[in-house]
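Every chain is numbered from 1 and lettered A, B, ... according to where its sequence line falls, protein lines coming before strand lines.
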Amino acid sequence: MATSDTGIDQSTSIPFYRDERIINWIAQIVSAVLVIGFLIWVVVNFLAAADARGFSLGFNFLNDPAGFPINDPGIEYDPSMTYGRAILVGLVNTLRVAIAGVVAATILGTTVALARLSPNWLLSRIALVYIEFHRNIPLLVLLFIWYFSVFTQLPPVRESLVLPGPVILNLRGLYISWPRLTETGGPLAIALIIGIVLATIAYFVLRRRREETGQETYYGWVSLAIVVVSAIGGWLVSGGTPLYLDVPVLDGFNYAGGLRLTPEFAALFVGLTMYTAGFIAEVVRAGIQAVDRGQVEAANAVGLSNLQVLSLVVIPQALRVIIPPMISQYLNLTKNSSLALAIGYQELFSVGRIAINQAGQAVPVFAIIMVSYLTLSLLTSAVLNVYNRRIQFVTR
Amino acid sequence: MSENNSQPIIVCKDVHKWYGEFHALRGVDMEVAKGEVIVIFGPSGSGKSTFIRTINRLEEHQRGSIAVNGIELSHDVRNIEKIREETGMVFQQFNLFPHISVLQNVTLAPIWVKKMPREEAEELGMELLTRVGIPEQAEKFPGQLSGGQQQRVAIARALAMQPEIMLFDEPTSALDPEMIKEVLDAMTELAKSGMTMLVVTHEMGFARAVADRLFFFDEGNVVESGTPQDLFNNPQEDRTKLFLSQILQH
């Protein structure tokens with residue numbers, strides 16, 4: 001009989017089925033065996049079934065010509081190109097609507113959140129109605145409304161709605177005047193890029209100087225001036241007209257020129273943006289309200305202006321709460337873009353489905369689709385998580 | 001310490017405040033001379049915190065008038081900003097900014113409101129942190145400090161705007177007993193330097209030692225005021241006697 005320090009008799013032999021260390025080990029081993037066994041069974045079963053039905057699991061078909069057209073390709077494409085190219089076009093189209101949607105939804109959602117928090121009763125109610133409407137109606141329904149009740153109900157080409165800009169709305173889509181570079185536009189583009197980089201550097205350097213010395217450095221105006229001067233310089237160097245406004249004009253039965261958004265893209269973009277903005281508004285509102293009222297009072301009490309209270313005290317603290325759910329909203333928007341299938345905008349999933357039907361390669365195509373979405377999502381999360389970690393509070 | 005012959009720095013006349021139906025302040029009158037230390041005490045819900053928060057417009061008064069250093073507190077935003085620059089405030093819950101360092105807490109307002117060069121602001125900040133006894137904590141974040149240290153940073157932060165008047169809203173109520181002393185010491189030092197102070201507190205030892213005048217609040221108004229001697233030794237009103245007997249028993 002061994003006796004421990006406490007003087008309590010400790011039998012040297014704990015039965016193994018009562019020893020917590022052994023119980024934990026056994027639990028680990030059993031669950032590992034179960035998981036691995038299940039995976040082996042799935043793969044073996046799948047391979048056997050694929051073999052029996054004559055599925056090919058290779059990716060060689062990607063080099064075969066696709067043979068189907070894609071509306072509104074984001075990069076150069078025609079049906080003689082390969083399946084690989086077609087799927088890439090789909091991915092580019094997904095990225096196009098996702099990036100535009102994320103940017104627009106963030107701006108719209110933040111605006112709605114600020115309206116919701118505004119002391120102005122009417123503004124706050126309108127924001128509330130907006131949020132509740134978009135949060136409580138399925139996205140698919142919203143997309144149908146935008147596509148079938150708005151963008152395909154527009155007047156025919158000959159009776160186009162012409163808004164100032166000119167922005168032209170008709171059955172075939174939305175046409176916006178768009179600046180484009182001419183053949184002599186190179187120097188202007190380069191000058192503009194350099195100008196914007198310099199202006200950004202100047203903004204931060206001078207803003208820092210303003211903080212260091214207390215001297216007004218007019219950092220906003222200076223950086224604006226740099227951009228303007230470099231634009232003028234680039235224009236002069238190019239020795240001609242480097243830039244022209246591509247205005248949509250009626251050419252026979254159709255508008256030509258300008259930037260054209262197809263009704264499908266427009267409906268998907270507007271629907272996704274407005275839907276996600278409803279959720280983002282609540283995320284931003286929650287973040288701002290999570291900042292203690294005492295913070296605003298303390299900032300007011302030391303004499304900061306309302307704008308300074310917001311930018312120096314409230315927003316930096318709100319971001320800490322906002323970023324994690326915001327990541328989810330960005331991922332949702334990206335994945336929800338696959339609902340484009342229902343209204344005929346051809347993005348990754350929709351192109352993938354055609355490829356499956358035509359080439360009969362369900363497994364590899366689904367694998368490509370899933371890996372693509374997974375990669376996009378993981379990249380977005382990774383970038384935002386790095387940022388999120390930087391803004392957390394230090395305690396202890 | 002009091003210079004009763006000089007122009008009062010705070011003049012409150014018939015100040016009223018309602019929260020909906022609730023009449024929180026019912027015609028408070030108070031004049032404070034430059035350099036005076038005023039202690040305001042009274043039961044909870046008596047309007048004492050509400051009152052000192054009206055002085056820098058964290059609460060809006062609905063009737064009567066408040067003038068600080070000759071500036072009338074009205075709906076004029078510029079007047080409100082000026083008054084806030086001339087009054088520092090210390091809160092019960094410290095309200096330090098958790099996302100920036102202790103030193104940045106102190107220098108934020110001088111840099112952004114007074115447009116003071118950063119170096120100068122940091123020098124001032126270190127000087128103030130030394131004055132409240134915690135220069136070694138400058139680079140830490142508020143969440144890493146004890147309550148007493150946080151409250152002393154809050155005092156330094158308020159002093160950084162070089163205010164004429166300091167408002168203290170129950171500065172020791174959220175502190176552990178052994179931390180109360182370090183905060184009261186800092187406040188005592190400040191009072192000795194000639195700062196005009198309005199302090200809402202139940203620390204009667206501090207009131208007796210440091211205050212020039214006490215104001216006893218009940219039900220949204222001043223019941224009685226006078227020097228510590230007058231109020232502690234010879235209270236006139238029954239309500240004051242009752243309250244003092246309850247808090248001085250222990």
Could you walk me through whether B:L108 and A:L304 satisfy the side-chain contact (heavy atoms from CB on, under 4.5 Å) test, starting with their C-alpha distance in whole Å, then the side-chain angles of each, then the deciding distance to 0.1 Å, before giving a yes or no? CA-CA 9 Å; B:L108 187 74; A:L304 296 179; 3.9 Å; yes
Closest-packed option against chain A by number of heavy-atom pairs under 4.5 Å, given B:Q93, B:K82, B:R53: B:R53
Does atom CD (B:E178) have a neighbourhood of more than 12 heavy atoms from anything else shown, all under 6.0 Å? yes
Is it true that atom CD of B:E119 has more than 12 heavy atoms of other residues, nucleotides or ligands lying nearer than 6.0 Å? no
Minimum heavy-atom distance between B:W112 and A:R207, given as atom pair plus value: CH2-NH2, 3.8 Å
Atom pair CD (B:E59) and CD (A:E297), whose distance is rounded to the nearest 0.5 Å: 7.0 Å
A:L312 CG to B:H99 NE2 distance, which is reported to the nearest 0.5 Å: 7.0 Å
Segment of B:I111 engaging chain A (4.5 angstrom heavy-atom cut-off): both
Does A:L374 CG have over 12 foreign heavy atoms under 6.0 Å away? yes
B:E136 atom CD: more than 12 heavy-atom contacts under 6.0 Å: yes
Which bit of B:F91 comes within less than 4.5 Å of chain A, counting heavy atoms only: side chain, backbone, both or neither? side chain
Taking side chain as everything from C-beta outward and backbone as N, CA, C, O, which of these in A:Q295 sits under 4.5 Å from a heavy atom of chain B? Side chain, backbone, both or neither. both
Under 4.5 Å from any heavy atom of chain B - which part of A:D292: side chain
Going through the distances and angles, do B:R84 and A:V302 end up as a side-chain contact (heavy atoms from CB on, under 4.5 Å)? CA-CA 6 Å; B:R84 283 177 176 166; A:V302 289; over 6 Å; no
Among B:R118, B:M116, B:E81, which residue has the highest count of heavy-atom pairs closer than 4.5 Å to chain A? B:R118
Among B:N95, B:L167, B:T107, which residue forms the greatest number of heavy-atom pairs with chain A at distances under 4.5 Å? B:N95
If you tally heavy-atom pairs under 4.5 Å between each of B:L96, B:N56, B:I80 and chain A, the highest tally belongs to B:L96
So, the part of B:M161 with a heavy atom under 4.5 Å from chain A: the answer is side chain
Filtered by a 4.5 Å non-hydrogen cutoff, the part of residues 329-338 of chain A contacting chain B is none
CZ/A:R209: more than 12 non-hydrogen atoms of other groups inside 6.0 Å: no
Above 12 or not: heavy atoms from other molecules or residues under 6.0 Å from CZ of A:R135? yes
Top of B:P98, B:P110, B:A154, B:A109 for chain A proximity - count of heavy-atom pairs under 4.5 angstrom: B:P98
Could you tell me which portion of B:R57 (side chain, backbone, both or neither) has an atom closer than 4.5 angstrom to a non-hydrogen atom of chain A? neither
